[in-house]
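Position 1 is the first residue of the sequence, and the numbers go up from there. What's counted below: heavy atoms across the whole structure, side chains too, no hydrogens, waters or symmetry copies.
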Amino acid sequence: MTKENEKTSEQAVMTAMAKFLSDLWFEEDFRDQPEHLSEIFETILLNEMGDDQDLRMKMVSSIRTSKMLASALGSFSDKEISNACKKIMNA
């Protein structure tokens, strides 16, 4: 990670994001992640650890983030996502 106000190229940021999305997509189908997280968090909330308000806020934030990513990319096929990531990384 670069320091605040240190110059970096927009292309470097786009390449890093494309690599992240590509790696994430091949790891597991991200479309299912919001449901997986909800199931895990519901189980946690049933025990004593679920009483922690800070933990609850982090869980809600994680679910929201995974839903946003799944929503943003969910309408595209795996091949379309893979091709777009390759184009960005090779640009």
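- Note: Gln53 CD to Met57 CE = 6.5 Å, rounded to the nearest 0.5 Å.
- Taking each heavy atom of Ser62 and Leu37 in turn, the nearest pair found is O-CD1, 3.7 Å.
- The side chain to side chain contact (heavy atoms under 4.5 Å, CB included) test with Phe41 is passed by exactly one of Arg56, His36, Met59, Lys58: Met59.
- Distance check: Phe76 CZ to Asn83 CG gives 12.5 Å after rounding to the nearest 0.5 Å.
- Side chain of Ser38 to backbone of Pro34: a donor-acceptor contact under 3.5 angstrom is found.
- Considering all non-hydrogen atoms of both residues, Ala18 and Cys85 come closest at O-SG, 3.4 Å.
- Closest approach of Glu80 to Ser75, counting heavy atoms only: OE1-O, 4.5 Å.
- For Met89, the CE atom is densely surrounded, since the number of other residues' heavy atoms within 6.0 Å is greater than 12.
- Atom CG of Asn90 and atom OG1 of Thr15 lie 8.5 Å apart (nearest 0.5 Å).
- Ile44 has its side chain within reach of Ile40: a pair of non-hydrogen atoms, C-beta onward, lies under 4.5 Å apart.
- The two residues Leu73 and Ile81 make their nearest non-hydrogen contact at O-CD1, 3.8 Å.
- The CD1 atom of Ile88 sits 9.5 Å away from the CE atom of Met17 when rounded to the nearest 0.5 Å.
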